[in-house]
Amino acid sequence: MSLTKYEKVMNLAIRRGFLWPSFEIYGGQSGFYDLGPLGVLLKNNIVELWREVFVKQHQEFVVEIETPIINPAIVFKASGHEEHFTDYAVECTSCHRIFRADHLIEEVLGTNAEGLSEEELNKIIKEHNVRCPVCGGELSTVKKFLLLFQTYIGPYSLENLAYLRPETAQGMFINFKRVYELMKRRLPLGIAQIGKVVRNEISPRQGPIRLREFTIMEIEFFYDEKNPQCELLDERCSDNKIYILTAEQRIQGETKPISILPSEAYKEKIILSPWLAYWMCIAGKFVNMLGIPLEKTYFEEKLPTERAHYSKQTFDQMVLVDKWGKLEVSGHAYRYSYDLERHIVFSKSDLYAVRQLKEPLIVRKRVAKYDKVAILKLFGKQAGDVFKKLAKYSPEELLKILESSQRDEIEIEGMKIPRTVFTVEDVEEKIWVEKFIPHVAEPSFGAERLMYITLEYAYRELEGGRVVLSLPKKLAPIKVGIATLIDKPQFEALASRIYNMLKMKYYVVILEGDSIGKKYAYADEVGIPFVITIDYDSVVEGSTVTVRDRDTRKQIRVPIADLAKVIDLGLEGKDITEFGYPVIEPKD
RNA sequence: GCGGCGGUCGUCUAGCCUGGUCUAGGACGCCGGCCUUCCAAGCCGGAGAUCCCGGGUUCAAAUCCCGGCCGCCGCACCA
């Protein structure tokens, strides 16, 4: 029986210490994976590449923050997760099986129970005496099953209820105002965050792909929808097309994505937000940098029924993979102004942005003014008091007070003021700024899934069962291997010298094995891009070694003093055989 | 969560149906040594498996039965 590619990749990943199921000694717990030594290095490199592409290259207007995993419940009330991340469940009191309440009712009574409230579900179960379908036992009352993990902050009481975040996004929304101020109140503005999130999935069953705890890398990108300032869409994204499978196509049963420039997709209203289009373009380039060819990835538009509650439009970035056919590695949601709006309501904070108008808005209104000289004459020394009281009211408010009374004297805070000191006028006001709620485009990546596709696409099998993990050199966990052609003390001493020299700069390993071939094979299998070999020439003259490229197996002979320079250039993706050093062709 | 199938050294597996000959066999890998002037294939030696966990049937269980855990497939659920 031959193994599938997924199994081969996972075997390698587990055997060589990239990752493995968590809690193994206690029988395991699905939905959790540990990262091993190589896995941590690989993940860090992927995260760092993301940071480079999404944050560093956009640092004029994208900044990274870090916020808590544990949030007071109010945050996810406001975000809508508490409401929408819920299922209703009942438990059998005798066999303790758990069922989805609405599905159970539908099954037993044949009626539609979708969307019913907790009370309604309870009522139906009681009235129709619905019992456990397995053992006939009595059912508990309906309970909410939340996909959010719950805990308490401090002592156990309901006011202290907290949730662990299922996305990092809320941290950015909550801090929008602060970061907006820090960034000189300029839009567009991206706030990035990389961190762990948790979701209490009902039954995750896809190994390291569907995790209950995983790392998300996302940007909440805020912009003025009336003036998106998205010139980058044309400037940086006019060179390659992206593949999109639209919702319309999917409804019609089509499976072949269209190929289109991101800017055209926006102009043709296939993508509703220009910034969503921009970040999708960058996402395509980023995934390509992980070693996934452009034609192996496409964006699938979610149907309205598939979208999250906050989204106006969502595209999932899919990568073709062996096992599942396609795998979602990132989500691109047009969150519109939903989240900020909700936080404004729930927190009563001002989370608006300010827009400078090109032309002032002219507002005509009727206001009441008062004659200060007349008041002075009438009130004498008390005039100061009167002015103070009047100052509390705006001209519009004063007009209302005047209009609400027919008397000759109006009363303000116990002070009687004759109507004669007031005049009513029509004024024109010029308004140069207006408040608005920015729109949000959100690109969001799952780090562990990116890790998996990186491994799968790097995995190559040569004849004879030899495996090469052809990781992009920049992402390789260990950059340099050092091999001695034969294991004699002089060779080993030189290896050790070079090791000590390079380990300040790179992750390096001294390769061990029965033969030079086995050492290369091991290095290839864990994706080490360059192997330095110490041969007889190295020992005799003591100053040169060879450097072998993992993917071409070609070697160059290099002075030891030049090693760091050669490796640096090589890691950037340059062909080491073009540096002018003697080249040695591989012999099999 | 439901239904079906599965779980034997690190890996892939033999054995299970037809219980005892299994103190569980092999291959690769691993460890020690020899050999070795460049791509895993030579020689010698060695370690490594509570046969997923718990319970039951039986004189006797890797093997049969039940429950649990984990995995795979389908359904359901799913930022």
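Just so it is clear: chains get the letters A, B, ... in the order the sequence lines come, proteins before strands, and each one is counted from 1.
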Pairing partner (Watson-Crick or G-U wobble, both distances under 3.5 angstrom) of C39(B):
none

How would nucleotides 29-38 of chain B be written as a contact map, 5' to 3', with B for base contact, S for sugar-phosphate-only contact and - for no contact, using protein heavy atoms under 4.0 Å?
S------BBB

How far does the C1' atom of U21(B) sit from the matching atom of A27(B), given to the nearest Å?
24 Å

Can you see if the side chain of Arg553(A) gets near the phosphate of C39(B) - specifically, an N or O under 4.0 Å from OP1 or OP2?
no

In whole Å, what separates the C1' atom of G48(B) from that of U11(B)?
13 Å

Spacing of the C1' atoms in A24(B) and U63(B) (rounded, Å)
12 Å

Who pairs with C22(B) - Watson-Crick or G-U, where each distance is under 3.5 Å
none

Distance in angstrom units between Ile14(A) CD1 and G7(B) P, rounded:
18 Å

Less than 4.0 angstrom from a charged side-chain N to a carboxylate O is my criterion; do Asp535(A) and Arg557(A) meet it?
yes

C70(B) phosphate, OP1 or OP2, under 4.0 Å from Gln29(A) side-chain N/O
yes

How is Glu328(A) classified with respect to the nucleic acid when contacts are heavy atoms under 4.0 Å: base, sugar-phosphate, or nothing?
base

Ignoring backbone atoms, test whether Ser30(A) places a side-chain nitrogen or oxygen under 4.0 Å from the OP1 or OP2 oxygen of G71(B).
yes

What is the distance from CZ of Phe23(A) to C1' of C53(B), rounded to the nearest Å?
18 Å

C1'-based separation of U57(B) from C64(B) [nearest Å]:
8 Å

Before accepting this row, confirm whether a basic side-chain N of the pair Arg548(A)/Asp524(A) lies closer than 4.0 Å to the acidic partner's carboxylate O.
yes

Give the rounded distance in Å between these two atoms: CZ of Arg466(A) and P of C28(B).
18 Å

Can you tell me the distance, in whole Å, between the CG atom of Leu12(A) and the P atom of C12(B)?
13 Å

Is any side-chain nitrogen or oxygen of Lys323(A) closer than 4.0 Å to OP1 or OP2 of C72(B)?
yes

Provide the Watson-Crick or G-U wobble partner of C78(B), both distances under 3.5 Å; none if there is no partner.
none

Protein-nucleotide distance (Arg212(A), atom CZ; C78(B), atom C1'), rounded to Å
12 Å

Using the P atom as the point on both nucleotides, what is the distance between U58(B) and G19(B), in whole Å?
16 Å

Taking only residues two or more places apart in sequence or in another chain, which ones pass salt bridge (charged side-chain N to carboxylate O under 4.0 Å, His left out) with Glu167(A)?
Arg335(A)

Start at the 5' end of RNA chain B and walk down; is the nucleotide closest to Trp324(A) or to Asp524(A) reached first?
Asp524(A)

Check this for me: does any side-chain nitrogen of one of Glu301(A) and Arg250(A) sit under 4.0 Å from a carboxylate oxygen of the other?
no

Which nucleotide sits closest to the side chain of Ala521(A): A40(B), C39(B), C72(B)?
A40(B)

Counting only Watson-Crick or G-U wobble pairs whose two distances fall under 3.5 Å, which nucleotide matches A47(B)?
none

Same-atom distance (C1') from G68(B) to C31(B), integer angstrom:
37 Å

Can you name the closest pair of heavy atoms from Cys281(A) and Ile242(A) and give their distance?
CA-CG2, 4.4 Å

Is C64(B) paired to anything, Watson-Crick or G-U wobble with both distances less than 3.5 Å, and if yes, which nucleotide?
G56(B)

G1(B) and C17(B): how far apart are their P atoms, nearest whole angstrom?
31 Å

Give a yes or no on whether a salt bridge exists between Asp551(A) and Lys473(A), defined as a side-chain N under 4.0 angstrom from a carboxylate O.
yes

Can you tell me the pairing partner of G6(B) across any strand shown, Watson-Crick or G-U wobble, with both distances under 3.5 angstrom?
C70(B)

For A61(B) and C53(B), measure between their P atoms and round to the nearest Å.
15 Å

Rounding to a whole Å, what distance do you find between Leu148(A):CG and C78(B):C1'?
13 Å

Under 3.5 Å: donor-acceptor pair, side chain of Glu328(A), backbone of Arg449(A):
no

Under a 3.5 Å limit on both distances, the Watson-Crick or wobble mate of C16(B) is none

Send over the distance from Glu24(A) CD to U11(B) C1', rounded to a whole Å.
14 Å

Once you round it to whole Å, what is the distance between P of U11(B) and CD of Glu525(A)?
14 Å

Look at the side chain of Arg550(A) and the backbone N and O of Gly527(A), then say whether any donor-acceptor pair between them is shorter than 3.5 Å.
yes

Any donor and acceptor pair, going by atom type alone, linking the side chain of Arg342(A) with main-chain N or O of Lys77(A) inside 3.5 Å?
yes

